[in-house]
A.B. asks: 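My questions will all concern the structure given below.
Throughout, protein chains are lettered first and strands after them, A, B, ... in sequence-line order, and every chain is numbered starting at 1.
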Amino acid sequence: MPATEIILPVAHYDLAATLDSGQVFRWRQIEGSWHGVVGQHSVRLTQIESGICAQTFSPVADWSFLREFLQTQIDLPAVLKTFPDDAPMNAAVTSCSGLRLLRQDPWECLASFILSSTKQIVQIRQIVALLCERFGEPSLGAGPACFPLPQRIAAACEADLRECKMGFRAPSLLAAARQIDSGKFDLEKIRTLAYAEAQHQLMTLRGVGEKIADCVLLFAYGFDSAFPVDVWIERALQELYFSRRRASDQRLRKFAATHFGPHAGYAQQYLFHYMRTKVK
DNA sequence: CCCCAGGTCCCGC
DNA sequence: GCGGGACATGGG
């Protein structure tokens, strides 16, 4: 039985779409509720009329860590109003109007997206699950393990990591963990930088290019102007805004940087979800 | 057996 | 800058 429970009142929040949207890779739906780990806590989340019901399996004195993760304080309708009023955006918002951006732990987000390159989302989930099973400390109140700390990964060897089926991404993950564990790379410092400099710093890490850097900036640090361009988004921009005319990569980025407004990252997530879920 | 996946890196023009 | 291939592994 749950040790603690709280209702987080919130409107315009589609919990299922948000937890299943490719921002996070550890949440599983069981009998209508969502199970995952936030910080050290095993958490069960259930969408209810008035918002989100959260349960943990060990005592919680301060729930702010969960509000922060879920970003329940964001005024979503105000964000949606800043989107361009064009057919593709309207269709994307209509198809899923409660989709949210989460605020993840930077290390978990960085590590997960280093493991994401040329992998389908189902497979990323599988790799991350293996990594947590093998290297993660137990979470509070049973359930799945915590995401392994940098120092734990840093102490591993490449062969051990490869057993988690991450293939050629293993050296990148290992190098990032060691840079962070040794203090040569400071994830907290990123928070204090301007967007361009923050992106540049992340891209000094092996296996981190523009796209993965943008994912981390958007999903973990809250840089709302970050606009990750992956194969889905590239397809969306080509098809929906350039009539399949094969605009150059650079042209797409320039368009994205100016067209979607101050919350371009949110718009990106809506387009991504729209492309992945629409029929055909 | 083929193509592709929330890419990145390295190569040669 | 820009196209092309390599890189592990698994799904369809």
A.B. asks: Could I get a table of every N or O pair under 3.5 Å where one atom is in the protein and the other is in nucleotides 9-13 of chain B?
C.D. replies:
from	atom 1	to	atom 2	distance (Å)
B/dC9	OP1	A/Gly207	N	3.2

A.B. asks: Taking transitive links into account, so neighbours of neighbours count too, which hydrophobic residues share a cluster with A/Ile6 at under 4.5 Å side-chain distance?
C.D. replies: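 Same cluster as A/Ile6: A/Leu8, A/Val10, A/Tyr13, A/Leu15, A/Leu19, A/Val24, A/Trp27, A/Trp34, A/Val38, A/Val43, A/Leu45, A/Ile52, A/Val60, A/Trp63, A/Phe65, A/Leu66, A/Phe69, A/Leu70, A/Leu102.
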A.B. asks: Can you check whether A/Phe147's main-chain N or O pairs, donor with acceptor, with A/Arg152's side chain at less than 3.5 Å?
C.D. replies: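 Side chain of A/Arg152 to backbone of A/Phe147: no pair is present.
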A.B. asks: List the residues meeting side chain to side chain contact (heavy atoms under 4.5 Å, CB included) with A/Gln238, not counting sequence neighbours, and say none if there are none.
C.D. replies: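 Scan of A/Gln238 (side chain to side chain contact (heavy atoms under 4.5 Å, CB included), adjacent residues dropped) gives A/Glu234, A/Phe242, A/Ala247, A/Leu252.
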A.B. asks: Is it the case that over 12 heavy atoms from other parts of the model lie below 6.0 angstrom from the CD atom of A/Gln71?
C.D. replies: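 Atom CD in A/Gln71 is crowded, with more than 12 foreign heavy atoms closer than 6.0 Å.
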A.B. asks: How far does the P atom of B/dT8 sit from the matching atom of C/dG10, given to the nearest Å?
C.D. replies: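 Looking at atom P only, B/dT8 and C/dG10 are 22 Å apart.
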A.B. asks: Got a sec? Which of residues 97-106 of chain A come in under 4.0 Å of DNA chain C, heavy atoms?
C.D. replies: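 Contacting residues: none.
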A.B. asks: To the nearest Å, give me how far apart CG (A/Leu202) and C1' (B/dT8) are.
C.D. replies: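 For the pair A/Leu202 CG and B/dT8 C1', the rounded distance is 15 Å.
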A.B. asks: Taking ILVMFWY side chains as joined if any heavy atoms are under 4.5 angstrom apart, and letting links pass through other members, which residues group with A/Ile48?
C.D. replies: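 Hydrophobic cluster check, A/Ile48: joined to A/Ile7.
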A.B. asks: The criterion is salt bridge (charged side-chain N to carboxylate O under 4.0 Å, His left out); which residues satisfy it with A/Glu133, sequence neighbours excluded?
C.D. replies: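 In terms of salt bridge (charged side-chain N to carboxylate O under 4.0 Å, His left out), with neighbours along the sequence ignored, A/Glu133 is linked to no residue.
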A.B. asks: Under the rule for side-chain hydrogen bond (donor to acceptor under 3.5 Å, both in side chains), what residues qualify as partners of A/Glu188, not counting sequence neighbours?
C.D. replies: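 A/Glu188 satisfies side-chain hydrogen bond (donor to acceptor under 3.5 Å, both in side chains) with A/Arg191 only.
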A.B. asks: Specify the separation, in whole Å, of atom CD of A/Glu108 and atom P of B/dG6.
C.D. replies: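 So the two atoms are 19 Å apart, to the nearest Å.
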A.B. asks: Among residues at least two apart in sequence or on other chains, which ones pass side-chain hydrogen bond (donor to acceptor under 3.5 Å, both in side chains) with A/Asp75?
C.D. replies: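 A/Asp75: no side-chain hydrogen bond (donor to acceptor under 3.5 Å, both in side chains) contacts found.
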A.B. asks: Check the orientation of A/Phe219 and A/Phe113. Use parallel for under 30°, tilted for 30 to 60°, and perpendicular for over 60°.
C.D. replies: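 Because their plane-to-plane angle lies in the 30° to 60° range, the rings of A/Phe219 and A/Phe113 count as tilted.
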A.B. asks: Let's see if you get this right: which residues in residues 220-232 of chain A place a heavy atom under 4.0 Å from DNA chain B?
C.D. replies: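 Residues of residues 220-232 of chain A that come under 4.0 Å of DNA chain B are, in numerical order, A/Pro228, A/Asp230, A/Val231, A/Trp232.
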A.B. asks: Tabulate protein N/O versus nucleotide N/O from nucleotides 9-12 of chain C, keeping only pairs under 3.5 Å, one per line.
C.D. replies:
from	atom 1	to	atom 2	distance (Å)
C/dT9	O2	A/Lys119	NZ	2.4
C/dG10	O4'	A/Gln123	NE2	3.0
C/dG10	N3	A/Gln123	NE2	3.4
C/dG11	O4'	A/Gln120	NE2	3.4

A.B. asks: When the P atoms of B/dC2 and C/dG5 are considered, how many whole Å apart are they?
C.D. replies: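 Each nucleotide's P atom is 15 Å from the other's.
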A.B. asks: Only counting residues at least two apart or in another chain, list the ones meeting side-chain hydrogen bond (donor to acceptor under 3.5 Å, both in side chains) with A/Arg125.
C.D. replies: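 For A/Arg125, the residues satisfying side-chain hydrogen bond (donor to acceptor under 3.5 Å, both in side chains) (neighbours in sequence not counted) are A/Asp20.
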A.B. asks: Using 30° and 60° as the class boundaries, would you call the ring planes of A/Tyr221 and A/Phe223 parallel, tilted or perpendicular?
C.D. replies: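 Plane angle over 60°, so perpendicular.
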A.B. asks: Would the A/Phe260 and A/Tyr241 ring centres measure less than 6.0 Å apart?
C.D. replies: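 Close enough - the centres of the two rings lie under 6.0 Å apart.
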A.B. asks: If you only use heavy atoms from C-beta on, which nucleotide in C/dC2, B/dG6, C/dC7 is closest to the side chain of A/Phe168?
C.D. replies: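 Between C/dC2, B/dG6, C/dC7, the one nearest the side chain of A/Phe168 would be C/dC7.
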A.B. asks: Report the hydrophobic cluster partners of A/Leu130, with the cluster defined as I, L, V, M, F, W, Y residues connected by side-chain heavy atoms closer than 4.5 angstrom, directly or transitively.
C.D. replies: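 Same cluster as A/Leu130: nobody, lone residue.
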